[in-house]
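Below is one structure, written out as structure tokens; the observations come after it.
Naming: A, B, ... by sequence-line order, numbering from 1 per chain.
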2 protein chains.
Amino acid sequence: MEADFLAEMGYTGLTGRLKRLSDAFIYQTRDFYREHESDIEPNWHMIFLLLQKNEKMTVTEIADTLQLSHPAIVKLINKMKKRGYIDAEIDPQDNRKYHLMLSQKAIKKLPVLEQYWIAGEKALEELLGFNTRLLEEIKKLEDRMAEADFKTRMDKLLVNE
Amino acid sequence: MEADFLAEMGYTGLTGRLKRLSDAFIYQTRDFYREHESDIEPNWHMIFLLLQKNEKMTVTEIADTLQLSHPAIVKLINKMKKRGYIDAEIDPQDNRKYHLMLSQKAIKKLPVLEQYWIAGEKALEELLGFNTRLLEEIKKLEDRMAEADFKTRMDKLLVNE
DNA sequence: TACATTTACGTAACCAGTTACATAATAACT
DNA sequence: AGTTATTATGTAACTGGTTACGTAAATGTA
């Protein structure tokens with residue numbers, strides 16, 4: 001097990017480590033789904049939860065709620081539609097809007113998915129040592145990013161350009 | 001400022017938040033470079049540092065050091081070559097290997113880049129509230145991932161499949 | 001009521017990583 | 001020395017995000 005260059009770089013390595021961690025979660029979750037349940041993808045999780053809670057949502061509403069761009073949601077939803085997990089109906093009052101909802105196929109699969117989600121949650125608890133310290137630190141970081149983001153701060157801190 | 005759905009989800013939202021944070025850093029750094037220095041990209045930073053320290057490295061060495069796949073490094077290096085920041089020479093003993101090094105153009109640009117990197121480091125310090133708590137928590141997570149990764153733990157924790 | 005603005009969604013091109021596969025050079029073995 | 005295994009690099013197709021641009025429907029306004 002060799003040394004971790006990024007970890008040795010202190011602050012400088014942090015952004016790369018965040019990327020590495022985030023990717024690890026995504027790829028491993030995808031692996032997990034593929035072994036257990038062929039055609040579901042990791043980033044559908046939040047869509048399932050959202051539509052389970054709200055029944056019907058538009059593309060824009062989902063994008064806002066998850067703080068992602070709308071094209072990201074469009075791509076995601078199109079794939080879910082193609083695989084039969086999402087139904088859509090046009091808003092009779094406003095023909096630009098689609099109301100998205102879970103299909104019967106999706107609803108039928110929920111109990112199985114919930115088992116996976118629980119396993120994921122438990123795995124994460126283990127990984128975080130059964131405390132919420134990391135969560136809290138990330139919250140602080142998010143809050144500070146909301147006050148003034150990374151670029152704004154870099155611009156400000158760049159000496160004599 | 002509406003509520004953050006992901007943050008409200010506790011453990012479940014964490015992976016999405018890591019992705020969101022990581023992306024934010026990447027996109028904002030790219031923005032920063034574009035405004036100040038047209039043709040440099042954020043993920044070149046570690047390559048610059050590595051080749052500044054080691055002078056000559058092969059694709060495989062870089063990939064191992066950064067813990068990325070070799071195709072990732074190939075793509076990255078190709079772009080850096082195309083823009084004239086990397087020179088390569090074939091190993092006379094082993095014709096499969098390329099020794100990569102910073103070009104004169106790259107070396108000449110280092111002082112400017114170092115100003116940017118310092119600004120980034122300071123911005124990160126601010127964002128982390130001038131303490132290393134988050135760094136420490138991430139280190140713990142990485143260590144636990146090395147012991148047993150997310151997928152392994154999910155598999156183990158999945159009840160009665 | 002016509003025109004301008006905004007909103008909702010879609011598409012294209014890009015970035016940054018992955019896995020899976022291919023190929024050529026070297027090393028290892030018998 | 002010839003065959004096999006390994007290593008170094010390259011390529012293709014994919015995931016999952018982005019920004020920039022386009023278009024149609026709805027809304028606001030002169």
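For B:I26 and D:dT19, the CD1 to C1' distance is 15 Å, given to the nearest whole Å. Note: CZ (B:F25) to P (D:dG17) measures 18 Å, nearest angstrom. Put simply, CD1 on A:I90 is 10 Å from P on D:dA25, counting in whole angstrom units. For A:K151 and D:dT19, the NZ to P distance is 13 Å, given to the nearest whole Å. A:I47 has its CD1 atom 12 Å from the C1' atom of D:dG16, to the nearest Å. Remark: P of D:dT15 and CE of A:M80 are 14 Å apart, rounded to the nearest angstrom. Remark: C1' of D:dG16 and NE2 of A:H70 are 16 Å apart, rounded to the nearest angstrom. Across the protein-nucleic acid pair, B:R96 atom CZ and D:dT6 atom C1' stand 8 Å apart, rounded to whole Å.
Here B:P71 lies in heavy-atom contact (under 4.0 Å) with a base. Nucleic acid contact for B:R20: none, since no nucleic acid atom lies under 4.0 Å from a heavy atom of the residue. Residue contacts shown for B:Q93 are limited to sugar-phosphate atoms, with no base heavy atom under 4.0 Å away.
Because its NZ or CZ atom is not both nearer than 6.0 Å to the ring centre of A:F25 and within 45° of the ring axis, B:K19 does not count as a cation-pi partner of that residue. Figure legend: B:K109 and B:Y85 shown without cation-pi pairing, the cationic atom not lying both under 6.0 angstrom from the six-membered ring centre and within 45 degrees of its axis.
When the side-chain nitrogen and oxygen atoms of B:K75 are compared with OP1 and OP2 of D:dG10, none of them lie within a distance under 4.0 Å. Distances shown here put every side-chain N or O of A:N43 at or beyond 4.0 Å from the OP1 or OP2 atom of D:dT15. Within the structure, every side-chain polar atom (N or O) of B:T60 is placed at least 4.0 Å from both OP1 and OP2 of D:dT7. Look at A:N95 and you won't find any side-chain N or O under 4.0 angstrom from OP1 or OP2 of D:dA25. In terms of phosphate contacts, A:S69 brings a side-chain nitrogen or oxygen within less than 4.0 Å of OP1 or OP2 of D:dT18.
Relative to the side chain of B:Y98, the nucleotides D:dT19, D:dG16, D:dT9 differ in distance, and D:dT9 lies closest.
Along DNA chain D, the nucleotide closest to B:V59 and the one closest to A:L68 are compared, and the more 5′ of them pairs with B:V59. With the nearest nucleotide of DNA chain C identified for both A:K81 and B:E41, A:K81 has the one nearer the 5' end. Each of A:P92 and B:D31 has a nearest nucleotide on DNA chain D; the 5'-most of these lies closest to B:D31. Nearer to the 5' terminus of DNA chain C, by closest-nucleotide assignment, is the contact made by B:I73 (compared with the other of B:D94 and B:I73).
On the nucleic acid side, DNA chain C contacts chain B at distances under 4.0 Å to non-hydrogen atoms, with the end points of that region at C:dC15 to C:dT26.
Judged purely by distance below 3.5 Å, without hydrogens or angles, the side chains of A:D64 and A:H70 never pair a donor atom with an acceptor atom.
The backbone N or O of B:F32 lies less than 3.5 Å from no partner atom in the side chain of B:E35, so there is not a single donor-acceptor pair. Judged by distance alone, the side chain of A:T152 and the main-chain N or O of A:A148 form no donor-acceptor pair under 3.5 Å.
Salt bridge annotation for B:E125-A:R153: absent, with no cationic side-chain nitrogen under 4.0 angstrom from a carboxylate oxygen. The existence of a salt bridge linking B:E126 and A:R144 is excluded, since no basic side-chain nitrogen approaches an acidic carboxylate oxygen closer than 4.0 Å.
Inter-residue side-chain proximity for B:W117 and A:T12 is flagged as unmet; no heavy-atom pair is nearer than 4.5 Å. In this structure, B:I90 and B:K97 have side chains that are not in contact, with every pair of non-hydrogen atoms separated by 4.5 Å or more.
A:M80 and A:M101 are members of different hydrophobic clusters when ILVMFWY side chains are connected at heavy-atom separations under 4.5 Å.
Interface remark: the B:K19 side chain does not form any donor-acceptor pair with the D:dG16 base, using a distance-only criterion of under 3.5 Å.
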**Request:** Before giving the answer on salt bridge (Lys or Arg N to Asp or Glu O under 4.0 Å), spell out for B:D149 and B:K151 the whole-Å C-alpha distance, their side-chain angles and the decisive distance to 0.1 Å.
**Result:** CA-CA 6 Å; B:D149 66 19; B:K151 178 168 176 303; over 6 Å; no

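In this structure, the helix from C:dT1-D:dA30 to C:dT30-D:dA1 shows an angle of 0° between the axis at its start and the axis at its end, each fitted on 5 base pairs and rounded to 10°.
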